[in-house]
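Indexing begins at 1, ligand by ligand and atom by atom, following the structure's order. Note that the structure is a prediction, hence the values are computed from the model and not measured.
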Amino acid sequence: MAEYARIIIDISLEKLDRPFTYRVPEELEGKVRIGDQVQVPFGKGNRKLTGFVIGLAAESGLSKDIPIKELEGVLPSGSITGQLIDLARFMRQQYGGTMNQALKTVLPMKTPAKEKQVQYVELTLDRSRAQELRTQWEKRHAVAKVRLLDALLAEGELPFTVITTKLNVSSTVIRGFEKEGYVAIRSERTYRNPMEFDKGNDYRPTLNEEQSRAVEGMYENFEHSPKRPCLLHGVTGSGKTEVYMELISRVLKKDRQVILLIPEIALTYQTMMRFYHRFGKRVSVLHSRLSAGERFDQLERARRGEIDIIIGPRSALFAPFERLGLIIIDEEHEGTYKSEDKIPRYHARETAIYRAAQMNGMVVLGSATPSLESFYKAQTGEYAYFSLQNRYQGRALPTVSVVDLREELKAGNRSMFSRTLKEQIQDKLRKKQQIMLFLNRRGFTGAMSCRSCGTAFKCPNCDVSLTLHKDGKLKCHYCGYEIPKPKLCPVCGSKYIGGFSAGTQKVEDGLMKEFPEARVLRMDADTTRKKESYEDILSRFANGEADILVGTQMIVKGHDFPNVTLVGILAADMSLIEDDFRGAERTFQLLTQAAGRAGRGEHPGNVVIQTYQPEHYAIQTAAKQDYAGFFEEEIGFRKLLHYPPAGHLLLVLMKAEKEEDMEALAQDMKQATETMGQKHPVVIIGPADARIRKLNSIYRKTLYIKARNYDELVAIKNEIEKYREESGYPYGSVSFDFDPIHGE
Ligand code: ADP
Ligand code: ZN
Ligand code: ZN
């Protein structure tokens, strides 16, 4: 009996976005499974392409005179995969794009296993000589050197070999050791999991009352109504991770598996070790340092049921667990849970909820500053709500001062450090405590405001900040509204109008001038080009090698620094006047999270927030760590303008190679959507130039569609796709982003 396979060809062209039927040759019968990657001849020239099997049938369903080609080979991905294919279908429907793009996002990719070089460090001294050196270095406070020796000696037996990534010591220190002849560094091709722990110690701390209540509540929800997601709202340092671990161990006892999503930037060595120590080799971490082959190996282990917990960033969501019972999304408010550069532009939150429901599992969303979306759903009762209101062991939240930069300017202080911040820095330096200075800058935003009165220039239609473009105009990139750049502030008449251009380098220079005795470390995109150096810098700071760490939002997450007692936020306005509707939310989150870094050890903490708009509710409420107060204000604004979560927003991104095609495409889409809009209660905004008007010599424009219900937007998206297909995809291309986080 012949067998036929329905195959999605691995080419992301809208035109080819449908299944093709192939005959399974005799020698492969019974060997082809749904989800496998196969090789097929395609098109007139029978080009060899790969595709995904999405269905198998005994009949081709096609008329006899249509010739059917045979597929030529299987690359068994062996994934579970009926469910993952169904998930891909859901994502394609919810977020747009082709089925092939959705499948590629969801299915584990078989890549030829290129083995990565693994570096080992080997001590070349004998133990007594090593001990001698250790004593000398300790006297000289060479902390990093001592730590490296200890790590090597702790290995017990000669030749004291350790994999470099396991050391938590900067590569500079290690290379220095090599030069001095203390160690040899060697590389091996074979991959060994650097974190193989046989058995976790299953150590459980005693949870406090709040923590226990959260665990009990969520576990009960897991047993009785798993379809209902839980929101765990716990202030920074309240012990959310401990709560997760306890809940995980209970779910494991039910023989179910767990996926824990953590933003890449928070997935530090410290965090990994907490899980390895407790759960041993039942855990696998999909961090970005794994090669494609290693990653595939880990996913294969997951499929075979050799592991029960997968920890990783967004894409770990697709781990092929057969007994999945729980998906936890830590720091659920983070923008990185939304895929923005790759299609489909899915959000991990909704996708996780769909995936968990497939297996009757549960989703837990955790954050100190929940997204407006999640808190809104907790209020309506769609999510179950649990809170941890106190820091573990009752450590006090830090004391926050808000500094008005307009007053500094009036007092003649033009430095980027206010008088209050300078005093505080001085004080902490004297006490030998540590300081973090934080610049919440994200790429280029050309947003401007008045330095004298704080006025930000906003679009009268959309209430988002206007941004300065090359032609000297201030523009709204939602609706296209524009005005010439004002020379004087329309409110106070001041001529101090500007953007924020300070970078971390400038902050570092400023510190050197004002505090020449301070040891400063800087962390931003420049200093962290290499993956390793990010952890390097954090571990050097944790190790006391600097007094002040300067950085962008990168430094907000991750390590616990018990000796940090001052956090300074240099320009809170930078995110406040971002040109999209999430500016205030992002500001509140950044300030609250940054403040949460201070005073985690035995000494109480201080936070200084510098701003031109001290009266803004995002700043006022963040200073008081008042989430509920912030939510009330912000949801009012969202409701007024029907922004998510009070309404929904579909971004239609249009691209074309020629400028006239771009214009034509934008007009065509505007007309088409307006016609569609007559049947659906939606508002169409734009078209406008995208933030980046031309990228890789391709023009870009946006159209925003607003609706009360998400489903209306999905319906419009489907109609646009149909319209594009029927009209033969003229001018250029179109893609979608639902409830965008950053927009285009
Ligand atoms: P969060 O994830 O909410 O920021 P963590 O789970 O990292 O908080 O906890 C903060 C610190 O408090 C950690 O060092 C953690 O080990 C400790 N901690 C939290 N809960 C407990 C507990 N019940 N027993 C012992 N230590 C705890
Ligand atoms: Zn002004
Ligand atoms: Zn506008």
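Considering backbone and side-chain atoms alike, G237 places an N or O below 3.5 Å from some N or O of ligand 1. Considering both main-chain and side-chain atoms, K240 comes within under 3.5 Å of ligand 1 through a nitrogen or oxygen pair.
The option from T236, V235, T241, T271 that lies nearest to atom 6 (O) of ligand 1, judged by heavy atoms, is T241.
Pairs engaging residues 454-464 under the side chain to side chain donor-acceptor pair (under 3.5 Å) rule: none recorded [sequence neighbours left out].
Side-chain polar atoms of T369 and Q589 form no donor-acceptor pair below 3.5 angstrom.
The SG atom of C450, the Zn ion (ligand 2) and the SG atom of C453 define an angle of 110° (nearest 10 degrees).
Put simply, part of S238 is less than 4.0 Å from ligand 1, judged by heavy atoms. In this structure, R391 falls outside the shell of residues with a heavy atom less than 4.0 angstrom from ligand 1.
Which parts of ligand 1 touch T206 is read off a 4.0 Å heavy-atom cut-off, strictly below it: atoms 22 (C), 23 (N), 24 (N). Which parts of ligand 1 touch L207 is read off a 4.0 Å heavy-atom cut-off, strictly below it: atoms 23 (N).
Around the Zn ion (ligand 3), protein atoms of type N, O or S found under 2.8 Å number 4.
What you find for S367 and Q593 is that their closest heavy atoms are OG-NE2, 4.4 Å.
Put simply, the side chain of I259 does not reach to within 4.5 Å of the side chain of I328, judged on heavy atoms.
With respect to the salt-bridge test (charged N to carboxylate O, under 4.0 angstrom), the residues E744 and R700 qualify. Ion pairing between D689 and K694 fails under the 4.0 Å rule for side-chain N and carboxylate O. The existence of a salt bridge linking E216 and R213 is excluded, since no basic side-chain nitrogen approaches an acidic carboxylate oxygen closer than 4.0 Å. The existence of a salt bridge linking K240 and E331 is excluded, since no basic side-chain nitrogen approaches an acidic carboxylate oxygen closer than 4.0 Å. Salt-bridge annotation for K377 and E373: absent, with no side-chain N of the basic residue lying under 4.0 Å from a carboxylate O of the acidic one.
Between H233 and Y627, the gap from one ring centroid to the other is short of 6.0 Å.
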